[in-house]
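Basis for what follows: all heavy atoms, side chains included, without hydrogens, waters or symmetry-related copies. Computed from a predicted model, the values in this text were never measured in an experiment. The chains referred to below are lettered A, B, ... by the order of the sequence lines, with proteins before strands, and numbering in each begins at 1.
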Amino acid sequence: METDKATNFIEEIIDADLKAGKYKSIITRFPPEPNGYLHMGHAASICLNFGVAQKYGGTTNLRFDDTNPVTEDTEYVDSIMADVKWLGFNWANVFYASDYFEQLYVFAVQLIQQGDAYVCDLTADEIAAQKGTPTEAGTHSPYRDRSVAENLALFEAMRDGKYKEGEKTLRAKIDMSSSNMLMRDPLLYRIKFAHHHRTGDKWCIYPMYDFAHGQSDSIEKITHSICTLEFIPHREVYDWLIEKLGIYPSKQYEFARVNVNYTVMSKRKLLQLVNENHVTGWDDPRMPTISGMRRRGITANAIRTFCEKAGIAKREKVNEFSLLEFCVREELNKIALRRMVVFQPLKVVITNLDKEIELNIENNPEDENGGTRQLMFTNEIYIEQEDFVEVAQKKIFKMEVGQAIRLKGAFIVQCNEVIRNADHSIAEIHCTYYANSQSGQDTSGVKVQGTLHWVSSKYAIPVEIREYDRLFKVENPADEEGDFKDYINENSLNIVNTALAEPSLKEATLTHHFQFLRKGYFYLDKESNPSTIIFNKTVGLKDNWSKK
RNA sequence: UGACCGAUGGUGUAACGGUAGCACAGAAGUUUUUGGUGCUUUUAGUUGAGGUUCGAAUCCUUGUCGGUCAACCA
């Protein structure tokens, strides 16, 4: 059954289970709560859950863990489904924990009948007080020994809306002196008169996570229920409930959440960034959300590669953002169409050119079948301001008076003269071109000191460029003193609106990824329109030079 | 100072009693009509102390450090 060697401890477990004949095939599930957008941490969980099922010939369910109606919404359901699909995974079924509310109620009644659950009248504060502490045993609720009949009647009355929120709960009768706080008679049901995004106002009692998750797993016959480390203490409750109920014994396994430095990876914190307008939305390109990364131009492939390289383990970890950048560049280098865009234009006049010359330039040197595009070389062009230097430096790759340089895909030009404005600032540069130096058919023999990107002033189109920096100034905002928002990098967005692009970029769509030569990888923003063409910088080119 | 989980280069991850390897990051070189890409080389690691063993990252004991748990959240 197994294809390759297990590459992590989860796969080792599955390997062993399959070999032992414990299961014929496996079923996993990805169980998001629809109360926020998916982020890189979820991507790791998605890749793991769908990945192992694929590898071992099993299936994966998408299950919305929608047991808390006050925070959940269909907006999130829609975005989650879109994100999972975009990442490239297909679920066998879409389920909702709310699909099982009736069954869960029956399970609860069974527990009551077995004497394993009771209705408790204690308030939240009272329950907290009698719960004890990690080093001190708790005390029994005075309602712990109600009769089965009384519990049954009370629980039914809870369902019927006879009590107010907080007035009564259903609790499992386990062990108030357990060293595991979660085993001290955990709540199973609470009363909430809230409108549920799917069941509407049908219910006023809702199961807690502990009484929904494992039961849902069991109903779906999930073989390997993979969750994050913080659920380790829940496993004891998970197993206890399944055993008492006598239902399909799904098993829970835990792995470490994936984090990335210089950002935060919690829905609660990301929600704050959105609500307090530190970013423009869940899909702001600076956000580590799947939708944010997608909008920025990061590909699903790159995210999957990143998750694979980040690996699966049982210890808390923080991955370096540079690993993600590497995965993005590796992918984009292969597929991005090369284009030229000048961010800060400097006019260059080719004084000996009296015609327009049509050029064909390759779309991607890494892709033989990438084809070419047409560009016009004209006697007035723009280069990058910083690509002209007045003071000669050692090892320069720039334009300089008296020196020759190549214009990418076009000709070698000799820089002759700087024309100045009244205030002595540079107005334009005058050059002459070598007619026999055309790219690909150069017979000039002229040595150049580098190659520059350029655009024709006649044909160039204005574009807006949005460049992004890390969202936080510190590696791990959650670990710092005080509020994580104190460490927000207020310069994380830089908008360039002086940029001029080669005309082919008018046709850019969201199916294209671009490399603007010598600038980085860029992707059309969803706010782009024919009158304002906007590109997001996905990631810069690797730069070994500016550091030296 | 309870229970549970964990500890391998800067970061992440392998090794399943038998040569500590890989990737990212860093450094050096090379190629290059992108200071990109490619290619070559290279720096750097087993949490401390004891034990078991011919042999320990791995097994045992113990210390240290980190994380989690006392939401009617998931």
Could you check whether A/Gly440 gets within reach of a base, just the sugar-phosphate, or nothing at all, counting any heavy atom under 4.0 Å? base

Can you find a donor-acceptor N/O pair under 3.5 angstrom joining the side chain of A/Arg329 to the base of B/U37? no

Base, sugar-phosphate, or nothing: which does A/Ala310 touch, judged by heavy atoms less than 4.0 Å apart? sugar-phosphate

Just to be sure I understand the rule, does A/Pro32 reach a base, reach only the sugar-phosphate, or reach nothing, if contact means heavy atoms closer than 4.0 Å? nothing

Base, sugar-phosphate, or nothing for A/Leu517, non-hydrogen atoms under 4.0 angstrom? base

Which part of the nucleic acid does A/Ser178 contact within heavy-atom distance under 4.0 Å: base, sugar-phosphate only, or nothing? nothing

B/G21 to B/G45 separation - C1' atoms, rounded to the nearest Å: 12 Å

Once you apply a heavy-atom cut-off of 4.0 Å, does A/Val318 come out as touching a base, just sugar-phosphate, or nothing? sugar-phosphate

How is A/Lys168 classified with respect to the nucleic acid when contacts are heavy atoms under 4.0 Å: base, sugar-phosphate, or nothing? nothing

How is A/Glu33 classified with respect to the nucleic acid when contacts are heavy atoms under 4.0 Å: base, sugar-phosphate, or nothing? sugar-phosphate

When rounded to the nearest Å, what value does the distance between C1' atoms of B/A14 and B/U52 take? 26 Å

Please classify the nucleic acid contact of A/Leu122 as base, sugar-phosphate, or nothing, using heavy-atom distances under 4.0 Å. base

Are any of A/Thr135's side-chain N or O atoms less than 4.0 Å away from OP1 or OP2 of B/A3? no

Suppose you measure atom C1' in B/U64 against the same atom in B/G50; what distance do you get, rounded to whole Å? 14 Å

Is a side-chain N or O of A/Thr74 found less than 3.5 angstrom from the main chain of A/Val77, in a donor-acceptor match? no

OP1 or OP2 of B/A74 versus the side-chain N and O atoms of A/Asn35: is any pair under 4.0 Å? no

Quick one: is A/Lys317 getting a side-chain N or O under 4.0 Å of the B/U13 phosphate, OP1 or OP2? yes

Taking the P atom in each of B/C72 and B/C16, what is the distance between them to the nearest angstrom? 46 Å

Taking OP1 and OP2 of B/C69, is either one under 4.0 Å from a side-chain nitrogen or oxygen of A/Lys131? no

So, OP1 or OP2 of B/G36: does either fall under 4.0 Å of a side-chain N or O from A/Arg518? no

At under 4.0 Å, does any side-chain N or O of A/Arg190 touch on OP1 or OP2 of B/A74? yes

Scan A/Met340 against the nucleic acid and name what it touches under 4.0 Å (heavy atoms): base, sugar-phosphate only, or nothing. nothing

If you find the nucleotide of RNA chain B closest to A/Asn319 and the one closest to A/Thr71, which residue's nucleotide is nearer the 5' end? A/Asn319

Name the nucleic acid region contacted by A/Phe231, choosing base, sugar-phosphate or nothing; use a 4.0 angstrom heavy-atom cut-off, strictly under. base

Do A/Glu320 and B/G10 have a side chain to base donor-acceptor pair shorter than 3.5 Å? yes

P atom, B/A23 versus B/G38: distance in rounded Å? 13 Å

Counting any heavy atom closer than 4.0 Å, what does A/Gly409 reach on the DNA or RNA strands: base, sugar-phosphate only, or nothing? base

Is the charged tip of A/Lys269 near the ring of A/Phe484: under 6.0 Å from the six-membered ring centre and within 45° of its axis? yes

Any N/O donor-acceptor pair, A/Gln515 side-chain to B/U34 base, under 3.5 Å: yes

Taking the C1' atom in each of B/G10 and B/G26, what is the distance between them to the nearest angstrom? 9 Å

Taking the P atom in each of B/U46 and B/U41, what is the distance between them to the nearest angstrom? 25 Å

